[in-house]
Amino acid sequence: MATKFLALCIRNKSRGDLSPRPHYPSMPKYPKGVAAEETSLAAKAEAKALFSVMGMTCSACAGSVEKAVKRLPGIREAVVDVLNNRAQVMFFPNFISAENIRETIEDVGFQATLINDEGNDKSILICRIRIKGMTCTSCSTTVESALQAVHGVQKAQVALATEEADVHYDPKVVSYNQLLQTIEDTGFEGILITAGEDMSRIELEVDGVRTDRSMRILGQSLQALPGVQTIDFDSEIKKIAVSYKSDMTGPRSFINVIETTGSRRFKAKIFPGGEAGSDSHRKEEIKQYFRVFLWSLVFTIPVFLTSMVFMYIPGIKHGLETKIVHNLMIGELMRWILATPVQFIIGRRFYTGAYKSLRHGSANMDVLIALGTNAAYFYSVYSVVRAATSPDFMGTDFFETSAMLISFILLGKYLEVLAKGKTSDAIAKLMDLAPETATLLVLDEEGNVINEEEIDSRLIQKNDILKIIPGAKVASDGYVTWGQSHVNESMITGEALPVAKRKGDSVIGGTLNENGVLHIKATRVGAESSLSQIVRLVESAQMAKAPVQKFADRISKYFVPLVILLSFLTWLSWFLSGRYHGYPESWIPSSMDSFELSLQFGISVMVIACPCALGLATPTAVMVGTGVGASQGVLIKGGQALESAHKVNCIVFDKTGTLTIGKPVVVNTRLLKNMVLREFYELVAAAEVNSEHPLAKAIVEYAKKFREDEENPAWPEAKDFESITGHGVRAIVRNKEIIVGNKSLMVERNTAVPIDAEEILAEAEGLAQTGILIAIDGKVAGVLSISDPLKPGAQEVISILKSMKIRSIMVTGDNWGTANSIANEVGIETVIAEAKPDQKAEKVKELQASGNIVAMVGDGINDSPALVAADVGMAIGAGTDIAIEAADIVLMKSNLEDVITAIHLSRKTFTRIRLNYIWALGYNVLGIPIAAGALFPYTGFRLPPWIAGAAMAASSVSVVCCSLLLKNYKRPKVLDNLEVRGISIE
């Protein structure tokens, strides 16, 4: 699971550029000078090694091990877990061995042992399926229950708003085809989006195919390619869907094979709309509803005119009232003929939906519409037939009721689908970041460009070399192989300033190249790209149900049967009252009798009730809320996180990397010996450059300032280098013994620490700084003070949280002196220091036990237990993959102010959900009595069924539009006064 969110934090080496260096997802690294063909072959021989690493105490230790391993040639990925003292490394054994990796870890200063990885295979897959035909919460609940009942399914989530299902299943027990069949059996159409397997999928349109035999020949040719997993055909629309391993092959290879098969008469291209997925489906649904609505108007408008308008125009009225047989009039026959196609052809979808629903023992909105329109239509048929066969019967028809009811409901569904499409605008905007085309370079054996061509960006394959010109978007995740430029990555990382890129630096697809030409090597394409990962996260968030949704689900089970019962009782009470003279005859309109009046009341009750508004109240608000969050740089992983965040009254902050920048810097130098500062730092840097410790890196980085004339200065040679874990380093530089470390190391090496040095160390600790002693030839020559500075605006953020009545607590593994100093600086009153990872989680549980809703904000592996234990876990976007995986909310910009944005947005979203529920419930509570005739005895006001149907359709649209108002969300004005920029970790 750790790879799920690699796209949010690609790590980059610092090169001392003028622009900030963001912290990104680590990328597969191949040895320099190895050709694409070799790496493709090497990928087949990829191996995994698991090491036990002893001696790690914090995330800084884990980061040191991880960076040291990743610098080795042939390393694909490395993940270090400080909690379990494990390191998992994916590597290419053709270039490096597990023993070399183990030795590298030991060189960093930790004890490493190679162990066997037992049964770490991913056995549960997540399948995404689009479901067509769902109309209300009852439908989604039926499908969800059916999927949950399948043996081998661990969890199933069906979202009405997105019309998709996420199914967690065991592929050894059940296949995705069985899941699709289960959906079909419940009466809905299921379309596979992804099977969750570790492979890519593409759909191709093939021209020139005349027979099924041709299609089979193409399939056999494609199947022969290495890496091709499955092939599906659809001969009618000439479509081939290929599932494949992107490490081994790609779409250009498929098109080449198809076009060179046989007599070269076949032509292939990416299937139109195949990649647009949900968006193309939504557009097609909008067109379909609009088309059906227009057809219903063609028949309904004449029905409306003949029954409501022409009856008041003398000449036309006379013509319509002309009798054909007995009392059957021309107007009645015309309305019957016009209303029939609306009832049975255009309204067929409601019959189909009602049948499918009732077949599975539930009742949805289609049942209410079918019953209501059938009652009006068939009573009208009875009235017309009896008028034609009886010389005495003068009946009234309600054909306009059924026809107008269906037309208004279709208009409502069209507007609802139109509005629901706008709730996922955030995803569409993210997907639009990817460029449509890319410039592919063809290189000779020496690496010189011999050709370039423009291709569809969906045809990019791993290890392709791409050219990115100034002003163009980066076409794929990868790393720079030639050139230098500045790249604007604000759309992905939130970092406002362009980031300098040179050879070896990683780039993210969808970002904007500013001023130089770059050649990049594609490393992650398609579904593996950073952009796709972020889109998938937002989609998953929109799928996840908020707990408050259970309220609507419970109501929906009983809603439709209750409405049918109320409708029947309404009809019965008005009918019996009229039959036994319970009300004056003057109440009955001249155009109908008591039975017809009671029937109108009964139909109005049936069609005004709307379960859809209740079902859409929560998911539409969650969809818009998570989308708005993504645009603000706050990735919220679903409704559960949103609901919990709005109740938070206590936030636990980690210190390093959360309240502080997380990057140590040298803040003070005191020399106790007469010597030139540049010479002093040359000796110290020469000793420390071989160490992977974060403090050592800070010293080397500071020493570079004395060698500004050189980009990558060469330090004097260090002999007999020795790393003493937890204490420091020792080396011989220019025939001088250099020891850099803490006080205990000096004592151990029999080096006296003078009183001046003792005082400097005490002063540093009081200022939340780390004191480092430097001894030259057995005498202390200087003291360095290293500090991890506070993030800009940290103090203001804590103050704003206090004003929001949210308590702030700091829990850190650092010493009490440093912890108290930082806490005092930012204004946090409660501090827990020297806490191990499990103790952080215990503190969170203690706070929860005392009645608090707790949020945890952290960035390191050691924060992950507390992030999981908290009601809401918030991970800093520049943090580790494990922390991001454990969190409920990811702050992509690494700004502390986004903690406030996340809580404020969740409160606004839940205010909107409450308004939606108040409207949806209030509409039904008020609408049903009015439709039942509660006002009729006092005011004479009666709600005709077609107006009741229009009101029902309007209620769903109004709920969706209410949710859409969230798109105008603005973060708290108090944050606009803070000059807080994105923090980037070098």
Side-chain angles (χ1 to χ4, degrees), residues 134-141 157-164 364-365 368 409 411-426 538 541-560 562-563 608-629 636 638-647 903-928 930 950-970:
M134 295 192 298
T135 57
C136 65
T137 315
S138 179
C139 303
S140 58
T141 306
Q157 283 185 324
V158 178
L160 175 65
T162 58
E163 296 179 346
E164 288 182 9
N364 62 7
M365 189 191 76
L368 296 179
I409 289 167
L411 172 62
K413 291 299 290 181
Y414 165 69
L415 294 174
E416 182 186 318
V417 172
L418 200 63
K420 275 161 66 178
K422 294 185 184 297
T423 62
S424 55
D425 277 355
V538 177
Q542 295 181 346
M543 281 289 302
K545 286 185 180 180
V548 72
Q549 177 68 22
K550 293 175 184 175
F551 170 70
D553 292 344
R554 281 196 299 270
I555 291 177
S556 69
K557 288 181 183 177
Y558 310 105
F559 188 88
V560 174
L562 183 63
V563 168
I608 200 170
C610 183
C612 291
L614 276 171
L616 292 169
T618 297
T620 52
V622 169
M623 280 183 73
V624 179
T626 51
V628 167
I636 302 168
Q640 172 78 59
L642 261 177
E643 181 161 349
S644 299
H646 93 282
K647 301 175 186 173
I903 293 171
H904 186 257
L905 175 61
S906 69
R907 290 179 177 180
K908 288 287 185 184
T909 302
F910 264 79
T911 299
R912 193 64 56 186
I913 288 173
R914 288 191 191 100
L915 284 174
N916 285 347
Y917 273 128
I918 289 168
W919 167 249
L921 285 170
Y923 160 80
N924 283 296
V925 169
L926 291 174
I928 290 174
I930 293 171
M952 183 267 282
S955 69
S956 295
V957 177
S958 62
V959 163
V960 177
C961 290
C962 183
S963 294
L964 282 173
L965 290 175
L966 263 177
K967 293 178 79 173
N968 300 321
Y969 169 80
K970 302 290 183 190

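Values below: every heavy atom of this structure, side chains too, minus hydrogens, waters and symmetry copies.
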Report the distance from atom CZ of Arg912 to atom CG of Leu965, rounding to the nearest 0.5 Å.
5.0 Å
Is any side-chain heavy atom of Asn924 less than 4.5 Å from a side-chain heavy atom of Phe559?
yes
Heavy-atom closest pair (His646 atom, Arg914 atom, distance to 0.1 Å) is NE2-NH2, 3.2 Å
Using every non-hydrogen atom in the two residues, find where Ser963 and Ala617 come nearest and quote the distance to one decimal.
OG-O, 4.2 Å
Distance from Lys647 atom NZ to Ser906 atom OG, nearest 0.5 Å?
10.5 Å
What's the spacing between Tyr923 OH and Ser956 OG if we round to 0.5 Å?
8.0 Å
For Trp919 and Ser955, work out which heavy atoms get closest and say how close.
NE1-O, 3.6 Å
If you round to the nearest 0.5 Å, how far is CG of Leu368 from CD1 of Ile608?
12.0 Å
Measure the spacing between CG of Leu642 and CD1 of Ile903 and express it to the nearest 0.5 Å.
12.0 Å
Could you tell me how the ring of His904 sits relative to the ring of Tyr969: parallel (under 30°), tilted (30 to 60°) or perpendicular (over 60°)?
tilted
So Glu643 and Ile913, do their side chains get closer than 4.5 Å, heavy atoms only?
no
Nearest heavy-atom pair of Ala641 and Ile636: which atoms, and what distance?
CB-CG2, 3.9 Å
Do Val624 and Thr620 have side chains that approach each other closer than 4.5 Å (heavy atoms only, starting at C-beta)?
no
At their closest point, which heavy atom of Ala609 faces which heavy atom of Ile928, and how far apart are they?
CB-CD1, 4.0 Å
Shortest non-hydrogen contact from Cys962 to Leu915?
SG-CB, 4.4 Å
